[in-house]
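Every value quoted in this text rests on a predicted model; they were computed, and no experiment measured them.
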Amino acid sequence: MEIEMIKVSIKKDIENCNNQAELNDIRVKYIGKKGLITDLNSKIREVANEEKKEYGMKVNEIRTYFNTLFEDKYKKFEEEKLNEKLKSEKIDITMPSVNIEVGAPSILEKLVEDVEDVCMSMGYDVIDGPEIELDKYNFEMLNLPKGHPARDAQDTFYFDEAEEHLLRSQTSPVQVRTMLEGKGEKPVRMICPGKTYRRDDDDATHSHQFTQIEGLVVDKNISLTDLKGTIEVIVRRLFGEDVEVRFRPSYYPFTEPSVEIDISCFNCNGKGCNVCKESGWITVCGAGIVHPNVLKMSGYDPKVWSGFAFGFGAERLAMLKYGIDDCRVFYNNDLRESKEFDRVD
C-alpha cells in the first residue's frame, strides 16, 4: 500500500513542478540518500522471505516509473530553455551586413605553391631542411672548399669565428642531405623551396633574405635534354604556353656543364620591351648537370649515376609574373600593396 501511495505522490509532484530547481528537489525527495524510494530498499529486510522477491520487483518498478517521469520532465525543461535562448539570440538577417576586411594571400607563397604543384605533377617530392646550416653542407659538399673564390658571391651570415655554422646561402644543402639519405642507391627527384640569406644590399632588386626554389634529379642516363624539358613545363605553367626556353653557357662550381636559362619575353613575345630590356629574352634560372665531385661526395658513383639541378629565385619570378618593380613589396606589411594581387591567377 505504501508503494502505491508513493507512486501517486511521484506523479503529482512531477506534474506540478515548474522549473529544474524544483525538479532537482523532487529527485532528492525520492531517490536521494534519505529519499522515499531509497527507504523502500532498506525495508526489504523487514519483509518475509517468501515476499521479498515480489517486494523487490515492486520497488524496482516504482524506481523505473520515477526515472521515466523525471527524464521526460527534465527534457521538457531543457527544450524550453533552448527555445528561449534561440529566441533571445535570434539574428535579424534583414539588417545590413558588415564589411569585414581580410588580408590577401602572400604573393611569394602563392608562386611557390604554383611551382610545387607543377613539379609534384611530374613526380617530384617537396622537401624542407634547416635554415641554420653547417659549412660542410652549404659549401664543401657542393664542390666549394674553403678559400674557393666562388664563395664570395654567396657571402653569408656566420654564427661562430670558426665559420662552421651559418644561415644557408642557398637551399642546395637540402639536396645534399637528400642524396646522403639515398646512400648512393636510390634515385632522387625533389624540389626544396625555402628562405636563404646572403650579405647583400637591400634595394629594389636585392635583399639579404630571399626565397629560392631549387630542384634536383639524380638517376641513370640523365642529360641536358631532361633538364630542358623540365624547365619548359615549369615556365610555361607560370608564363604561358607560347614561352620559349634557351640555354647559355655559364659557370657554377656544383654543376658541369652549367647554363643560364632564359625565356622569351612573355610581355612582347621576343620583340623587345622594357621588361626584357629590349633583348627579347629574360633570365630566370641557373642550372646544369650535377658535378661528378658532388655526386661522389654524396655517395653516388658518377660513372653510374648522373643528374641535373636548377634554381629559381621566387622573388624574381613573382616580379616578372605580376609586374612588381620592387622586391621589398614582398616583405612589407602594408596590406594595400598585397591587396592588389588578391585575385591574381
Under a single-linkage definition using a 4.5 Å side-chain heavy-atom cutoff for Ile, Leu, Val, Met, Phe, Trp and Tyr, are [X] and [Y] assigned to the same hydrophobic cluster?
| X | Y | answer |
| --- | --- | --- |
| V118 | L111 | yes |
| L238 | V233 | yes |
| L69 | L40 | yes |
| Y322 | F210 | no |
| I213 | L320 | yes |

Please indicate whether [X] has more than 12 foreign heavy atoms, meaning atoms of other residues, nucleotides or ligands, lying under 6.0 Å from its [atom1].
| X | atom1 | value |
| --- | --- | --- |
| N221 | CG | no |
| Y74 | OH | no |
| D242 | CG | no |
| R199 | CZ | no |
| K146 | NZ | yes |

Taking [X] for the side chain and [Y] for the main chain, is one N or O donor matched with an acceptor at less than 3.5 Å?
| X | Y | answer |
| --- | --- | --- |
| K296 | P302 | no |
| D39 | G35 | no |
| R189 | V218 | no |
| R168 | K195 | yes |
| T38 | K34 | no |
| E315 | T211 | yes |
| S250 | E260 | no |

Could you tell me whether the side chain of [Y] reaches within less than 4.5 Å of the side chain of [X], counting heavy atoms only?
| X | Y | result |
| --- | --- | --- |
| L134 | H165 | yes |
| P130 | I132 | no |
| D117 | M120 | yes |
| L216 | M179 | yes |
| K29 | S9 | yes |
| D262 | V284 | no |
| F66 | I14 | yes |
| S298 | V176 | yes |

One thing to verify: whether [Y] and [X] come together as a salt bridge, which I'm taking to mean a side-chain N less than 4.0 angstrom from a carboxylate O.
| X | Y | result |
| --- | --- | --- |
| D301 | K220 | no |
| K58 | E61 | no |
| R177 | E181 | no |
| K110 | D114 | yes |

Could you give the distance from [atom1] ([X]) to [atom2] ([Y]), rounded to the nearest 0.5 Å?
| X | Y | atom1 | atom2 | answer |
| --- | --- | --- | --- | --- |
| I234 | C285 | CD1 | SG | 7.5 Å |
| S223 | K228 | OG | NZ | 12.0 Å |
| F70 | I26 | CZ | CD1 | 8.5 Å |
| E4 | I62 | CD | CD1 | 7.5 Å |
| E80 | E84 | CD | CD | 9.5 Å |
| M190 | I127 | CE | CD1 | 4.0 Å |

Sequence neighbours excluded, every pair satisfying ring-ring contact (aromatic ring centres under 6.0 Å, His included) that has a member inside residues 121-160: none
Taking ring-ring contact (aromatic ring centres under 6.0 Å, His included) as the cut-off, I'd like each qualifying pair that reaches into residues 262-308, sequence neighbours left out, listed once.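 Applying ring-ring contact (aromatic ring centres under 6.0 Å, His included) to every pair that reaches into residues 262-308, excluding sequence neighbours, yields F239-F266, Y300-W305.
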Could you tell me whether K7 sits above the aromatic face of Y65, with NZ or CZ closer than 6.0 angstrom to the six-membered ring centre and within 45 degrees of the axis? yes
Give a yes-or-no answer on whether the side chains of [X] and [Y] include a donor-acceptor pair shorter than 3.5 Å.
| X | Y | answer |
| --- | --- | --- |
| N24 | R27 | yes |
| Y30 | D13 | yes |
| S121 | R237 | no |
| T196 | Q170 | no |
| S169 | N138 | yes |

Given M297 and E140, is the side chain to side chain contact (heavy atoms under 4.5 Å, CB included) satisfied, shown in steps? CA-CA 9 Å; M297 284 187 283; E140 293 180 29; over 6 Å; no
Output, in order, the C-alpha distance, side-chain angles, deciding distance and verdict of salt bridge (charged side-chain N to carboxylate O under 4.0 Å, His left out) for E22 and K73. CA-CA 11 Å; E22 291 181 7; K73 195 72 171 183; over 6 Å; no
Could you give me the CA-CA distance, side-chain angles and deciding distance for I10 and I37, then say whether side chain to side chain contact (heavy atoms under 4.5 Å, CB included) is met? CA-CA 10 Å; I10 289 171; I37 297 177; 3.9 Å; yes
Mind checking what makes side chain to side chain donor-acceptor pair (under 3.5 Å) contact with Y197, not counting sequence neighbours? E131
For [X] against [Y], the heavy-atom pair lying closest together:
| X | Y | answer |
| --- | --- | --- |
| Q175 | C192 | CG-SG, 3.8 Å |
| I107 | A318 | CG2-CB, 4.3 Å |
| S172 | L142 | CB-CD1, 3.4 Å |
| P193 | T171 | C-CG2, 4.4 Å |
| L227 | A287 | CD2-CB, 3.8 Å |
| C276 | I282 | CB-CG1, 3.9 Å |

List the steps and the verdict of side chain to side chain contact (heavy atoms under 4.5 Å, CB included) for R316 and M319. CA-CA 5 Å; R316 175 162 176 75; M319 291 172 74; 5.6 Å; no
Pair K75, E79 - check salt bridge (charged side-chain N to carboxylate O under 4.0 Å, His left out), show working. CA-CA 6 Å; K75 289 178 180 178; E79 288 177 3; over 6 Å; no
What verdict does the salt bridge (charged side-chain N to carboxylate O under 4.0 Å, His left out) test give for E71 and K76, after you've listed the backbone C-alpha separation in whole Å, the side-chain angles of each residue and the deciding distance to 0.1 Å? CA-CA 9 Å; E71 289 296 328; K76 180 182 177 182; over 6 Å; no
